[in-house]
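Let me begin by handing over the structure; questions about it come next.
Residue numbering restarts at 1 for every chain, and letters A, B, ... go by the order of the sequence lines.
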Amino acid sequence: MSKKVRLRFAPSPTGGLHLGGVRTVLYNYLFARQHKGDFVLRIEDTDQSRYVSGAEEYILDCLAWCGLIPDESPFHPGAYGPYRQSERKAKSIYAEYAQQLIDQGHAYYAFDTTEELENMRTQYKSAENPSPQYNHTLRTRMRNSLSLPAAEVKALLDAGTPYVVRIKVMPKEEIHFTDLIRGEVRFSTDGVDDKVLLKADGMPTYHLAVVVDDHLMEITHAFRGEEWLPSAPVHILLWRHLFGEDKMPRWAHLPLILKPDGNGKLSKRDGDRLGFPVFAMNWTDPATGQINKGFREMGFLPEAFLNMLAMLGWNDGSGQELFTLDELIEKFSLDRVHKGGAKFDFEKAKWFNQEWIKRLPVSAYQDQVIGFFRAAGIDPLGNAGTTGTTNASPATALDTVAELSEIAPGITGPASIPTYDETPAPSQQEEKFQQILTLVKDRCHLLTEFVQQASFFFRAPNAADTDLSPVKPKWNDAKQLFFVEWIRQLQLIRTWDAPTLEKEFKEMAAAAEIKPGDLLLPLRLMLVGGKFGPGVFDIITVLGPEESIARIKAVLAQLQS
RNA sequence: GCCGCGUUGGUCAAUCGGUUAAGACGCCUCCCUUUCACGGAGGAAUGAGGGGUUCGAUUCCCCUACGCGGUACCA
């Protein structure tokens with residue numbers, strides 16, 4: 001008996017896809033999936049002046065990145081097409097219903113020009129009424145089919161005079177409906193103006209289009225932002241006149257996402273101002289060429305992005321904060337959606353991302369991370385791997401025994417460095433890459449941070465640029481000697497793993513009567529080029545003997561001078 | 001102005017008449033770690049104001065204040 005649940009997301013293709021838009025999609029999607037229903041994408045391109053080419057594809061790309069794929073859309077039409085309102089207009093769908101309303105006496109032609117409307121607004125503007133409305137009191141004084149003699153209306157129409165169709169709202173009527181989030185909401189028609197239904201160019205306004213299309217597409221539940229609540233009475237009236245109020249979808253007006261500081265809706269501007277993205281993915285304005293950062297490019301995981309968005313206005317009451325999409329589908333409920341808006345907190349957003357980075361296997365996001373490495377000029381799977389120093393500084397060039405003795409007089413070195421496979425198979429490289437990601441994932445909030453945290457694995461630090469001030473003042477011959485000795489040791493170690501390396505290191509330090517702590521920081525600086533990164537012995541394990549030795553030697557030369 | 005919606009720590013928030021008013025982010029202290037993190041243990045910090053209803057209000061009702069949204073031939 002009950003109809004199949006169908007929901008829609010109906011954006012205008014006017015630019016980037018905003019955070020709030022994605023959350024609206026998400027709630028639509030969750031509800032649809034939970035009820036084994038359909039989720040459709042309808043493009044509301046009724047304002048050709050605001051149409052931005054590429055925006056439709058962009059929106060679909062964003063949904064794809066998030067994994068919120070519509071069952072029906074302009075790109076994958078179902079049985080309710082077309083899915084673009086411009087195309088539906090071309091089929092005279094809206095004009096037909098506008099005509100029906102006129103015939104019923106619920107709508108009328110209005111011939112007022114833009115100038116006439118402006119004049120009306122300035123004329124009737126007052127302190128008590130700053131924005132006069134085209135309504136039951138004023139319409140008698142305007143040029144429309146209600147105020148003009150029938151013959152004149154006919155003449156105007158026959159002459160092809162531009163007109164719009166307006167809804168005729170009767171005063172003193174009570175309109176109420178049950179919002180799935182807010183409960184009973186009541187309006188008086190006294191405050192509702194005669195909204196334009198059909199524009200002069202024949203396009204419907206949102207008001208007409210949304211009810212006609214929701215009806216034709218058999219939409220059962222309509223979720224949209226709270227900013228639509230004030231125009232709900234118009235939509236209800238239209239449903240009443242056209243299809244019957246009992247056929248109307250259930251409405252849910254979602255709370256707004258607010259800017260972090262102050263109040264008000266979060267806007268693109270706020271993101272620019274405060275340094276965080278507002279769009280799901282990078283959006284390049286085709287007119288200005290301006291690029292707006294997206295969460296994806298900022299280093300967010302789609303799982304984290306959605307999880308964060310879901311929690312902005314909803315929770316399951318248990319205190320749980322981390323949810324997979326499937327868990328959200330299972331647990332989401334409208335009656336636990338907040339009524340009040342929520343301020344967006346970028347720090348918390350990053351926390352969600354960090355949690356998901358820790359939670360997911362690195363294989364789930366390694367491709368995205370590879371992209372960030374390549375953008376930084378590093379190919380983590382290429383030849384510039386751990387088998388050599390790519391941007392060798394002058395110091396790293398000294399690697400002969402002679403040079404060794406030069407920086408450490410008294411040491412006679414043997415040293416045939418153990419050889420090993422110079423060009424690992426691709427799978428080995430990938431394996432090594434994953435090993436590195438696993439090593440640093442705990443300290444990354446954003447995927448982009450993998451580059452900062454791990455690039456030294458693929459590119460030797462520039463020895464000349466390494467800040468040695470933390471160790472240089474306390475440097476002495478004993479330490480110099482120790483490291484030269486340590487290099488020899490590295491060449492001999494057979495079991496190449498972190499525990500063995502650490503054990504050997506500490507034994508040598510003890511023998512040299514130097515506290516390991518005094519040696520660890522220098523060693524880190526040699527390998528990493530800074531005071532960050534995973535444990536030094538883990539680093540050496542991954543770097544391998546040749547590369548480790550090269551880096552130590554390079555800095556040793558620096559410290560000696 | 002009018003109409004509508006909202007208001008628990010700095011932020012996200014639990015509570016559906018009785019609690020020492022959860023938890024999380026952020027912040028602070030300590031532990032772990034001779035890097036940075038992660039992790040662990042603590043800490044500071046909350047019911048806009050006023051009336052009711054009730055034995056008892058954060059919770060229900062009203063008023064006020066404040067905030068937001070709308071008030072287009074934009075969505």
- Message: Going by purine N1 to pyrimidine N3 plus the second Watson-Crick contact, or the G-U wobble pair, all under 3.5 Å, which nucleotide sits opposite B:U19?
- Response: none
- Within the structure, does a side-chain N or O atom of A:T46 lie under 4.0 Å from either OP1 or OP2 of B:A75? yes
- Does any nucleotide pair with B:A72 by Watson-Crick or G-U wobble geometry, both distances under 3.5 Å, and what is it? none
- Evaluation steps, ring pair (Phe, Tyr, Trp, His ring centres under 6.0 Å), between A:F305 and A:F295: CA-CA 8 Å; A:F305 183 52; A:F295 277 85; 4.7 Å; yes
- May I have the step-by-step check of side-chain hydrogen bond (donor to acceptor under 3.5 Å, both in side chains) for A:N144 and A:S147, ending in yes or no? CA-CA 5 Å; A:N144 54 57; A:S147 62; 3.3 Å; yes
- Message: Can you say whether a donor on the side chain of A:K348 sits under 3.5 Å from an acceptor on the base of B:A24, or the other way round?
- Response: yes
- Note on the structure: If pairing means Watson-Crick or G-U wobble with both distances under 3.5 Å, then the partner of B:G67 is B:C5
- Task: Could you check whether A:A342 gets within reach of a base, just the sugar-phosphate, or nothing at all, counting any heavy atom under 4.0 Å?
- Result: sugar-phosphate
- Task: Quick one: label A:H253 by what it contacts on the DNA or RNA (base, sugar-phosphate, nothing), any heavy atom closer than 4.0 Å.
- Result: nothing
- Task: Return no unless some side-chain N or O of A:R443 is found under 4.0 Å from OP1 or OP2 of B:U33.
- Result: no
- Task: Both distances under 3.5 Å, Watson-Crick or G-U wobble: report the partner of B:A44, or none.
- Result: none
- Item | Short side-chain donor-acceptor distance under 3.5 Å, A:Y124 and A:N119 | no
- Message: Quick check on side-chain contact (heavy atoms from CB on, under 4.5 Å): which of A:V164, A:V165, A:I102, A:L101 does A:L198 satisfy it with?
- Response: A:V165
